[in-house]
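Below, chain A is the first sequence line, B the second, and so on; all start at residue 1.
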Amino acid sequence: MSEDKSQAPADAAENSAANSAAAGEKEPDMGSLLKFRRQKLDRLRELGVDPFGAKFETTHAPGALQANFAEELPVKVAGRITALRDMGNTNFIDLSDLGGRMQIFVNKKQVGEEAWQIFKQLDIGDWLGVEGETFTTRTGEPSVKAQSLTVLSKSLRPLPDKWHGVQDTQIKYRQRYLDLIANERSRELFRLRIAMVAEMRRFLQDREFLEVETPMLQDVPGGAAARPFETYHNALGMELYLRIAPELFLKRLLVGGFTKVFELNRNFRNEGISRRHNPEFTMLEAYWAYADFEQMADLVEEMICHLAEKFCGGLLIEHKNEAGEVTKTINLSRPWKRTPYRDLIKGVAGDDWFDLTNEERRAKCAGELGVEISAEMEDYEVTQQVFEKLVEEKSIDPLYVTHVPKELVPLAKQNTSDDSVVDVYELVINGAEISPGYSELNDPDVQRSRLEEQAGEETQKIDEDFLLALEYGMPSAGGIGIGIDRVIMMLTGAESIRDIVLFPQLKRRDA
RNA sequence: GGGUGGAUAGCUCAGUCGGUAGAGCAGUGGCCUUUUAAGCCAUUGGUCCUGGGUUCGAGUCCCAGUCCACCUACCA
C-alpha cells in the first residue's frame with residue numbers, strides 16, 4: 001500500500017488508501033480502521049511472520065489456567081487478544097476463548113527486539129499463542145510472562161466495543177460470533193444451554209431411554225396441527241415436508257419393540273416468529289411403554305428439578321432485568337400442582353360456567369371476564385380462550401393441567417370414567433406451555449376416526465402407514481413433548497428465544 | 001396483518017426555538033517497566049436511514065418508504 005501525499009490533499013489520500021486497502025471489494029467505509037489493520041498485516045509479512053499462523057500446541061486453555069493457577073509454571077496458552085493495555089515497553093494483554101481469559105505480560109526486554117516488532121503489529125482481535133512462565137503481578141492478577149509469541153491469526157476488522165458489548169440486535173443475531181466475543185451474558189447462556197441439553201440426554205439415558213433419529217423429511221407431516229414447510233425431492237419426483245413432530249415415527253418404534261425411546265432434535269413449523277417462536281425449534285419427545293401420563297408427569301418434574309438444582313443453584317428460579325433486579329421468581333418446589341382443566345376454569349370463570357348456555361358464556365367473556373373472543377370461535381374454543389388468558393398466562397409456578405377436553409387433544413386416550421376428557425397433562429410454567437404429556441391413544445380404529453375428523457376433506461393428510469402400524473399393536477404408553485428452547489428460557493431467564501438459539505431465523509437482509 | 005416507539009462517527013449516545021455536527025470509547029502519533037472499562041498528551045474520523053415537501057436556511061417540521069425493537073394477531 002502506498003500513499004502519495006504530494007499529489008492530493010491529505011483527506012483524499014486517506015480515502016484512496018482506504019479503498020485500495022479493501023482490495024477493490026465493496027466494503028462499508030470504516031475510514032482508517034481497516035486500512036491500519038491491513039498495513040500491520042503487510043508489516044508482519046515483511047517481518048517474515050505468517051499472519052495466519054499454523055500449529056501451536058497449548059498446555060492450558062486460558063480459563064483452565066486461570067482456574068488452576070500455580071506460580072512459576074512453564075506454559076503455552078493461546079487465545080484471542082480481547083484487551084490490550086499499552087504501558088509503553090510493557091503491555092498487558094488478555095487472551096480469551098469461550099471458556100475464559102488469561103492475562104499475559106509482554107515486556108520489550110523479556111521477548112527481545114525481534115518479537116517486540118512483531119508484537120507492535122498486533123491488535124485487539126488477533127489470535128496469539130504465548131509461551132512463558134506464570135507469575136502474579138503487583139496488583140495480584142495471575143499472569144503469564146511472555147518469552148515468545150506465535151501469531152495465529154491477524155484480525156482484519158475491529159472487535160465490538162469492549163465496554164458496551166454488542167447492543168445492536170442485528171449484529172447480535174446475524175453475527176453471533178461477535179456477540180459471543182463481546183458479551184459474557186451470551187457466552188453464559190449458551191454454555192448453560194449446551195450443558196442442560198447434555199444433561200437431559202444423560203438423565204433419560206440413565207433411565208434406559210434409547211435416543212433415536214427419525215425422519216425430518218416426511219411424506220405426510222403428522223403428530224401436530226401446524227403448517228409445515230414444503231420441499232421437493234428431485235429424484236423421487238415427490239413433495240416432501242419438514243417434520244412438524246417426530247411423534248408418529250417414535251410410535252412406530254413402540255410397535256417395533258422399543259419400550260423406552262426418545263428423540264431430541266429440531267421440528268419445523270411454518271408459523272409466525274415471535275419472542276417465543278422460532279420456525280425451527282428443539283423438541284424432546286419421549287415414549288415409555290406401559291406407562292401413563294401421570295408417570296410421564298413425574299418424569300418431567302424430576303428432570304426439570306434436576307436441571308434447576310444442577311445448573312441454577314436450586315429450585316427458586318430468579319429472572320433479572322438488565323439492572324440485575326429480580327423481576328420474577330419461579331418456585332419449582334415439588335410436588336407440582338395437578339388440577340383438572342374444568343376446575344381451573346371454574347376457579348376463574350365461576351362454578352356455574354359449564355351450566356351456562358354458549359351464548360351466556362360468550363356474553364360473560366365480553367363482559368365481566370374481559371376476555372376477547374371472536375364470533376368464528378367454536379364453543380369449546382371460547383372456554384379455551386378463557387383458559388389461556390386467565391389461567392395459563394397468569395400461572396408462574398409449575399401447574400399440571402389435567403383432564404383436558406378431548407377436542408383439544410385428538411391423539412390421547414379418553415378417560416375411562418369421563419369420555420369427554422382425555423388422559424393428558426399440559427405443563428404450564430411462567431405463563432407458557434412447556435410440555436404436554438399423554439396416555440397415548442393406541443386403538444387403531446379410534447385413532448383413524450380422530451385423524452379423519454381432524455383432516456376433514458384433506459384425506460391426504462392422514463398417515464396411512466402409521467395407522468397400519470397401530471393395527472399390528474402399539475403397547476399402551478405414556479408420551480411427552482418438551483419444548484427445549486422454552487425450558488432453557490424459563491431456567492435461564494432469557495427474554496427471547498433468539499437469545500438461546502445460536503442462529504435464529506431472521507428476515508433476509510437486502511443489500 | 002394491526003398498533004407504538006426508534007434509526008446521528010467503527011461502537012455507545014447527546015444535539016436547545018429551524019441557524020456552520022458534539023462527547024466518551026475505539027483508532028492513529030508521542031512519552032512512560034505492573035495495568036484491570038481506566039496512565040498521560042495530541043489527533044483523525046459524519047450519506048444525521050432513503051426519497052420527496054415546507055423554508056432564505058432542515059439532524060430538527062410535514063409526507064411516503066426501508067429496516068429494527070416492543071405490544072398485538074396467527075400458532076398443539
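Straight-line distance from the CD atom of A:Q385 to the P atom of B:A73: 8 Å, rounded to whole Å. At whole-Å resolution of the value, CG in A:L159 and C1' in B:A37 are 15 Å apart. Distance, A:I171 CD1 to B:C11 P: 6 Å, rounded to whole Å. Nucleotide B:G30 holds its P atom 12 Å from the CG atom of A:N89, rounded to whole Å. When the P atom of B:G29 is taken as reference, atom CG of A:D123 falls 10 Å away, rounded to whole Å. Straight-line distance from the CE atom of A:M87 to the C1' atom of B:G30: 15 Å, rounded to whole Å. The interatomic distance linking A:K108 (NZ) with B:C32 (C1') rounds to 12 Å, in whole Å. When the C1' atom of B:G45 is taken as reference, atom NZ of A:K35 falls 11 Å away, rounded to whole Å.
Checked against side-chain contact (heavy atoms from CB on, under 4.5 Å), A:A297 has the following partners two or more places apart in sequence or in another chain: A:R338, A:Y400, A:Y425. For A:D418, the side-chain contact (heavy atoms from CB on, under 4.5 Å) partners are A:R342, A:N415, A:S420, A:V421, not counting sequence neighbours.
A:Q103 comes within contact range of at least one nucleobase, with a heavy-atom separation under 4.0 Å. Looking at heavy-atom distances under 4.0 Å, A:D94 makes no contact with the nucleic acid at all. Within the nucleic acid shown, A:A225 comes within 4.0 Å of at least one base atom, counting heavy atoms only. If you check every strand for non-hydrogen atoms under 4.0 Å, A:Y173 touches nothing. Across all strands shown, A:K389 has heavy atoms under 4.0 Å from sugar-phosphate atoms exclusively, and none from any base. Within the 4.0 angstrom heavy-atom criterion, only backbone atoms of the sugar-phosphate kind lie near A:E271; the bases stay farther away. Note on A:R276: nothing from the nucleic acid sits closer than 4.0 angstrom, heavy atoms only. Note on A:K109: a base of the nucleic acid sits closer than 4.0 angstrom, heavy atoms only.
With respect to A:R498, the side-chain contact (heavy atoms from CB on, under 4.5 Å) criterion is satisfied by exactly one of A:I273, A:N278, A:D485: A:I273. Only one option out of A:R243, A:R448, A:R252, A:K251 pairs with A:D463 in a salt bridge (charged side-chain N to carboxylate O under 4.0 Å, His left out); it is A:R252.
No donor-acceptor pair closer than 3.5 Å links the side chain of A:H403 to the backbone N or O of A:D343. The main-chain N or O of A:L180 is found under 3.5 Å from a side-chain atom of A:R187 such that the two form a donor-acceptor pair. A:E426 contributes no side-chain N or O that, together with a main-chain N or O of A:E433, makes up a donor-acceptor pair within less than 3.5 Å. Without hydrogens or angle criteria, A:Q218 side chain to A:P215 main chain gives a donor-acceptor distance under 3.5 Å.
Phosphate proximity of B:C74 to A:R269: absent, as no side-chain N or O sits under 4.0 Å from OP1 or OP2. Remark: A:K172 is not in phosphate contact with B:C11, judged by side-chain N or O atoms under 4.0 Å from OP1 or OP2.
As rounded to the nearest Å, B:G3 and B:A73 have C1' atoms that lie 11 Å from one another. A distance of about 23 Å separates the C1' atoms of B:G19 and B:G52, rounded to the whole Å. Comparing B:C41 with B:G57, their C1' atoms sit 40 Å apart, to the nearest whole Å. If you take atom C1' in B:G15 and the same atom in B:A21, they sit 8 Å apart, rounded to whole Å. Between the P atoms of B:G65 and B:C25, the separation comes to 41 Å (whole Å). For B:G24 and B:U44, the C1' atoms lie 16 Å apart once the distance is rounded to whole Å. Distance noted for atom C1' between B:A9 and B:A26: 11 Å (whole Å). Straight-line distance between the C1' atoms of B:G46 and B:C13: roughly 15 Å, to the nearest whole Å.
Distances from the side chain of A:T169 to the nucleotides B:U33, B:U36, B:C68 place B:C68 closest. Nearest to the side-chain atoms of A:R498 among the listed nucleotides B:U35, B:A76, B:A69 stands B:A69. The nucleotide whose nearest atom lies closest to any side-chain atom of A:Q170 is, among B:U34, B:C74, B:C68, B:C68. Residue A:F36 has its side chain nearest to B:U28 when only B:C68, B:U34, B:U28 are considered. Distance from the side chain of A:I124 is smallest for B:G27 among the nucleotides B:U35, B:G27, B:U33. Across B:U36, B:C32, B:U33, the shortest atom-to-atom separation from the side chain of A:N107 is found for B:U33.
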State the dot-bracket string of RNA chain B. Criteria: Watson-Crick or G-U wobble, both atom distances under 3.5 angstrom; notation: ( ) intrastrand, [ ] crossing earlier pairs, | interstrand, . unpaired. (((((((..((((.....[..)))).(((((.......))))).....(((((..]....))))))))))))....
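Judged by atom type and distance alone, A:T137 reaches the base of B:U35 through a side-chain donor-acceptor pair under 3.5 Å. The base of B:U34 does not come close enough to the side chain of A:R138 for any donor and acceptor atom to sit less than 3.5 Å apart. You'll find a donor-acceptor pair under 3.5 Å spanning the side chain of A:T139 and the base of B:U36, going by distance alone.
A:K406 and A:D419 are not joined by a salt bridge, as no carboxylate oxygen comes within less than 4.0 angstrom of a charged side-chain nitrogen.
Taking the six-membered ring for Trp and the full ring otherwise, A:F387 and A:Y341 have centroids separated by under 6.0 Å.
Judged by closest nucleotide on RNA chain B, A:K40 is the one of A:P142 and A:K40 placed further toward the 5' end. For the pair A:G88 and A:G140, both in contact range of RNA chain B, the more 5′-proximal nearest nucleotide belongs to A:G88.
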